[in-house]
Amino acid sequence: MSSIDTLASLAMLKVNLDVENRDYIDYLVPFVGHILNDQKGMLVSCDSIRDQLRDEFGLLIPLSGTEMVLRRLARGRYLRREFNTYVRVSQIPTPAIHERREELKTSYLSIVAELIAFVRTKHGIDWTEIEATNAMLEYMGRFSIECLRAYSTGSVIPCSRKQGARDLYLLSSFVAHVAEHSKRTFDALTSLVKGHMLSNALTCSDLGSLPAKFSSAHFLLDTPLVIRLLGLEGEIRRASVGEMVSLVRNLKGAVELFQHTLEEVRNVLGWHEAHFDSPLARSRIILEMRRAGRTRSDLALLLGKLDDELEEMGLRTRPTPRYEEAFEIDERLLHEALSEEVSYGNPRAVEFDVNSIRSVYALRRGSNPRTIEHCNAVLVTSNSALARVAFEFGRRHESTQEVCSVITDFSLANIAWLKAPMAAPDLPRLELMALCQAAMEPREDLWKRYIEEIDKLQTLKSISARDHEILRFSLKAREELMNLTLGSEEAFSQKTIEQVLESAKRDITREIEERSDKLVADERTKRVEAEGRESSARDRARRQMGKVYFLAERISTATGAVVFWGGVLLVLSSSVPSGRLLEHLLLGASSSPLFRVMSSFMSLVLTVVVIMSSVHLVFGISLADIRGKVRLGLRKAIFARLRKWLMEEDEIESLS
């Protein structure tokens, strides 16, 4: 059995979910059926099936899980139970499991090849196929449920060793790369995560509790999770915790926080507001806010409306329980254990954690819940070290031996997702991205050594205050530190700092140049857009002016004709005595109609000719010139008036 077989098996669990969509025993039935159909003998035992699942499919299924599968097959009359063994009765349907496994193996061999090429090209490290596959398995092993006795082992996949910082960083870097550049590969990796999360159910000693809801459970969020829900540590972390909270609520669980946790959240926000602009301040909150372009005033605003924000998110604040001697724990022992095992940047943080764990025991009031579905209270944290210490403390010193007083947010998300995987299809993807983001941040021991070294170099005047500021606060410096050391403290040296500083300065110079180029380009774009708007406005104004001119031309033509011929009639009436005209008309009236018309027409024509000749001889102007001047004058006056009525001032100005 190779490591790639195990990867294919994880993916097949996810495929079985898509195909079967029933319960967790059904996901494993095809694997067991395949083994039984190939088995020569008729007798079947849990031990042998467990060993063959490990050898052929690379799945470490506990005996309890194997027993449940065999019982399911016996109820289906494929097996018959005799004393402590089973006898195979008939062939078990296994829907193309061999073909499906070979297809998935081919797919994941391709992804392993991608990983090998990425690590070689990006980081100059040569991995063999076995090394790359084992690294992927160890990475998937991180998606396990911790600190709950109901889950008998950390993972169903065989992890030969705990993954080191280097391999974790390399895998996270690869995940981030394919998430951005290869949807197919990222979807395949997400299928592995889903498969592993589904496999966690098979390690549970009480599979019957999985369908149950959280109606009797109260989950108290730790301060870091509240901070994430507020969006102060980036969108990915906010979405991951938010999806978990939504899923728990859909399962009727209560999600709350203690009153003293709210006080700690206020303290955290207040400290970050006060130190936001301090060159000595270093925290993920400040880094993420700077990365998102947010400012100190955003923190002040959030602090002022914190209660409203929590209410809008549906987070109820629960009063911290009073001290009751019958339900108290040894806080001194717990304080010592936490101080030894958990790295606290703030000494007061350990006091809040002790109070939270004490409060969980007080709310349980001496009960010893066997399943998380029926625990009255449990603290949910993002700190796996805190969960482990609380688990050991409960196991050694208290009665809580089944459900720990503290579980990680990932464990809760995993259990909730197992209850309703179709209700939150995006949760595994978000968990994968959250792990990826966390793994690409410098670990506390590496960052502490890095800070000590750059502080020493500044004291020795080996670097300037400006260089120190770049090394400490530049986001590029953090990325380059991880890229050079691959997250390993052993790979860190003074030369690393020189390389980080050089890279960060290059990045800053490039950012300044890009910003300058962007400003120039923006200015050019604005100028072109302004010119375009002006040109467009001028074109519109010209079109409007043309319409006004055309209208003025039409009106002046009609009006000019009226004015001109009216003037001619006035001249005629003053040039020919009215009596003569009347006499002429009367004489014409006594004649025949044709004579009358011709007489009138000839009289008018003669009069016009006489007048035109007289004007032309005296003034040198023809009647047509007079008519044109009248029309031109009217057109100017009408055009000016229409332009004022029909056009805006800015349109007129754009043409001036």
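The first residue of the sequence shown is numbered 1, and numbering continues consecutively from there.
- Residues Ser173 and Phe118 share a closest heavy-atom pair of OG-CZ, 3.4 Å.
- Under the 4.5 Å side-chain criterion, counting only non-hydrogen atoms from C-beta, Trp127 is in contact with Asp167.
- One distance of note links CG of Leu170 with CE of Met136; it measures 13.0 Å at 0.5 Å rounding.
- Other residues, nucleotides and ligands contribute over 12 non-hydrogen atoms within 6.0 Å of the CD atom of Glu309.
- Arg506 is listed as a side-chain neighbour of Ser503, based on a closest heavy-atom distance under 4.5 Å.
- A side-chain hydrogen bond (donor to acceptor under 3.5 Å, both in side chains) with Asp222 is found for exactly one of Thr408, Thr381, Asn383, Thr261, namely Thr381.
- The aromatic rings of His181 and His177 lie tilted to each other, with the angle between the two planes from 30° to 60°.
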I'd like to know whether Arg101 forms a salt bridge (Lys or Arg N to Asp or Glu O under 4.0 Å) with Glu56, so could you lay out the CA-CA distance, the side-chain angles of the two residues, the decisive distance to 0.1 Å, and finally the verdict.
CA-CA 11 Å; Arg101 178 167 68 165; Glu56 185 164 350; 3.4 Å; yes
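- Side-chain atoms of Ser384 and Glu146 include no donor-acceptor pair closer than 3.5 Å.
- Between Gln458 and Ala465, the closest heavy-atom pair is NE2-CA, 3.6 Å.
- Residues Arg228 and Arg284 form a side-chain contact, since some pair of their non-hydrogen atoms from C-beta on lies under 4.5 Å apart.
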Salt bridge (Lys or Arg N to Asp or Glu O under 4.0 Å) evaluation trace for Arg266 with Asp307
CA-CA 10 Å; Arg266 290 188 188 281; Asp307 291 336; 2.6 Å; yes
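- Under the side chain to side chain contact (heavy atoms under 4.5 Å, CB included) criterion, Ser493 pairs with Lys495, Thr496, not counting sequence neighbours.
- Expressed to the nearest 0.5 Å, how far OG of Ser462 lies from NE2 of His468 amounts to 12.0 Å.
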Show your reasoning for whether salt bridge (Lys or Arg N to Asp or Glu O under 4.0 Å) applies to Arg449 and Glu452.
CA-CA 5 Å; Arg449 184 174 172 191; Glu452 289 174 352; over 6 Å; no
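- His196 contributes atom NE2, which lies 12.0 Å from atom OG of Ser9 (distance to the nearest 0.5 angstrom).
- Atom CG of Leu221 and atom CG of Leu262 lie 12.0 Å apart (nearest 0.5 Å).
- No more than 12 heavy atoms of other residues, nucleotides or ligands shown are found within 6.0 angstrom of CD1 on Ile130.
- For Arg290 and Phe276, the positive end sits near the middle of the six-membered ring, less than 6.0 Å away and at most 45° from its axis.
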